[in-house]
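We number each residue from 1, following the sequence as shown.
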Amino acid sequence: AFQRPQADKVVAKEFSLDYQSARIFKGMQSIVEQHTARTPSGRVDVEIYEDYRGIVLEVSEDGMFEAGKADIRPAVWPFLEAVLDVALLNEAAITVEAHTDNSPMRSAVFPSNDHLSAARSVSIVQYFLGRSGSRPGGPLPPERIEASAMGEHRPKMANINNANRRKNRRIELVF
């Protein structure tokens with residue numbers, strides 16, 4: 001008798017990663033707890049949750065970058081190193097989403113918020129790729145990480161005051 005091949009089992013067997021959301025979530029929770037115990041100069045506002053995209057680690061913009069710039073602050077490097085270790089050990093794919101508020105951005109380097117968010121997401125991707133080579137579970141295969149420039153187009157809050165704009169300026173690392 002003919003048996004139809006079960007593609008879902010073949011795909012799961014041949015192409016799935018060792019990704020378990022519970023392990024990623026616990027690992028990221030541990031990082032957030034350790035991070036809050038660090039000195040204030042290296043502290044960043046971090047939130048972790050799970051949604052339809054996967055595990056999301058949301059980091060405030062002011063902890064990661066100076067206003068209007070795309071260079072990662074050195075104080076946040078230890079935090080990113082710990083995040084990278086958990087992602088590598090759990091074979092997670094990573095999407096780096098950079099968000100801005102709707103305040104006009106016009107500089108010689110970044111003519112718009114889209115340009116700024118693109119540069120920030122690429123900066124984090126390059127950091128992860130550059131630092132993953134000698135780590136347990138590394139190096140990070142380039143096909144497992146992507147940069148996503150969200151600009152001002154997916155605000156978390158209405159851009160009606162400075163407090164809301166601050167919440168919209170964020171980096172979301174999605175695993």
Discussion item. Please determine whether residues Ile124 and Leu116 belong to a single hydrophobic cluster, defined as Ile, Leu, Val, Met, Phe, Trp and Tyr linked transitively by side-chain heavy-atom distances below 4.5 Å.
Written reply: no
Worksheet item: Under a single-linkage definition using a 4.5 Å side-chain heavy-atom cutoff for Ile, Leu, Val, Met, Phe, Trp and Tyr, are Tyr127 and Leu57 assigned to the same hydrophobic cluster?
Response: yes
Item to complete: Would you give the length of the straight line joining atom CD1 of Ile55 to atom CD1 of Ile24, rounded to the nearest 0.5 angstrom?
Response: 7.5 Å
Worksheet item: So how far is it from Ser103 OG to Asn113 CG, rounded to the nearest 0.5 Å?
Response: 7.5 Å
Worksheet item: What are the two closest heavy atoms between Asp62 and Arg73, and how far apart are they?
Response: O-NE, 3.0 Å
Fill in: Connected via hydrophobic side-chain network under 4.5 Å: Val32 and Val76
yes
Fill in: Stepwise side chain to side chain contact (heavy atoms under 4.5 Å, CB included) check, Arg170 with Glu61
CA-CA 4 Å; Arg170 67 197 187 280; Glu61 172 248 12; 5.6 Å; no
Practice prompt. Test side chain to side chain contact (heavy atoms under 4.5 Å, CB included) on Trp77 and Arg131 and set out the steps.
Written response: CA-CA 10 Å; Trp77 292 351; Arg131 301 292 299 167; over 6 Å; no
Worksheet item: What are the two closest heavy atoms between Gly54 and Val174, and how far apart are they?
Response: N-CG1, 4.4 Å
Discussion item. Is any side-chain heavy atom of Met64 closer than 4.5 Å to one of Leu80?
Written reply: yes
Fill in: Side chain Asn164, main chain Ile160, donor-acceptor under 3.5 Å
no
Discussion item. Between Asn168 and Lys156 (side chain of the first, backbone of the second, donor and acceptor by atom type, cut-off under 3.5 Å), is there such a pair?
Written reply: yes
Worksheet item: Counting only N and O atoms by type, is there a donor-acceptor contact under 3.5 Å from the side chain of Ser30 to the main-chain atoms of Lys26?
Response: no
Worksheet item: How far does CD of Glu47 sit from CD of Glu172, to the nearest 0.5 angstrom?
Response: 9.0 Å
Item to complete: Please step through side chain to side chain contact (heavy atoms under 4.5 Å, CB included) for the pair Glu152 and Asn159, ending with a clear verdict.
Response: CA-CA 9 Å; Glu152 63 190 68; Asn159 281 298; 5.5 Å; no
Discussion item. Donor-acceptor pair, distance only, cut-off 3.5 Å: does the side chain of Ser123 make one with the backbone of Ala119?
Written reply: no
Worksheet, complete the sentence: Of all heavy-atom pairs linking Ala75 and Pro78, the shortest is O-CD, 3.5 Å
Worksheet item: With a 4.0 Å cut-off, would you call Arg53 and Asp51 a salt bridge?
Response: yes
Worksheet item: Hey, is the main chain of Ala163 close enough, under 3.5 Å, to the side chain of Asn161 for a donor-acceptor pair?
Response: yes
Worksheet item: How many angstroms lie between CD1 in Ile145 and CD in Gln126, if you round to the nearest 0.5 Å?
Response: 10.0 Å
Fill in: Closest contact, heavy atoms only, Leu84 versus Leu140
CD1-CD2, 4.4 Å
Worksheet item: Do Glu97 and Ile171 come within less than 4.5 Å of each other through their side chains, counting heavy atoms only?
Response: no
Worksheet item: Phe110 and Ala70: which non-hydrogen atoms are nearest, and at how many Å?
Response: CZ-CB, 3.8 Å
Worksheet entry | Inter-residue atom distance Ser148.OG - Arg154.CZ, 0.5 Å rounding | 7.0 Å
Worksheet entry | Residue pair Glu58 / Tyr49: nearest heavy atoms and the distance that separates them | OE1-OH, 3.2 Å
Worksheet item: Are the side chain of Ser132 and the backbone of Pro139 linked by a donor-acceptor contact shorter than 3.5 Å?
Response: no
Item to complete: Working to the nearest 0.5 Å, report the span between OG of Ser117 and CE of Met150.
Response: 9.0 Å
Discussion item. Would you say that Asn90 contacts Phe175 through its side chain, given a criterion of any heavy-atom pair below 4.5 Å between the two side chains?
Written reply: no
Worksheet item: Should Ile31 and Val56 be regarded as members of a common hydrophobic cluster, given that ILVMFWY residues are connected when their side-chain heavy atoms come within less than 4.5 Å of each other, either directly or indirectly?
Response: no
Discussion item. Has Arg120 got a side-chain atom pairing as donor or acceptor with Thr100's backbone, closer than 3.5 angstrom?
Written reply: no
Worksheet item: Are Phe65 and Met105 in one and the same hydrophobic cluster, where Ile, Leu, Val, Met, Phe, Trp and Tyr link if side-chain heavy atoms are under 4.5 Å apart?
Response: no
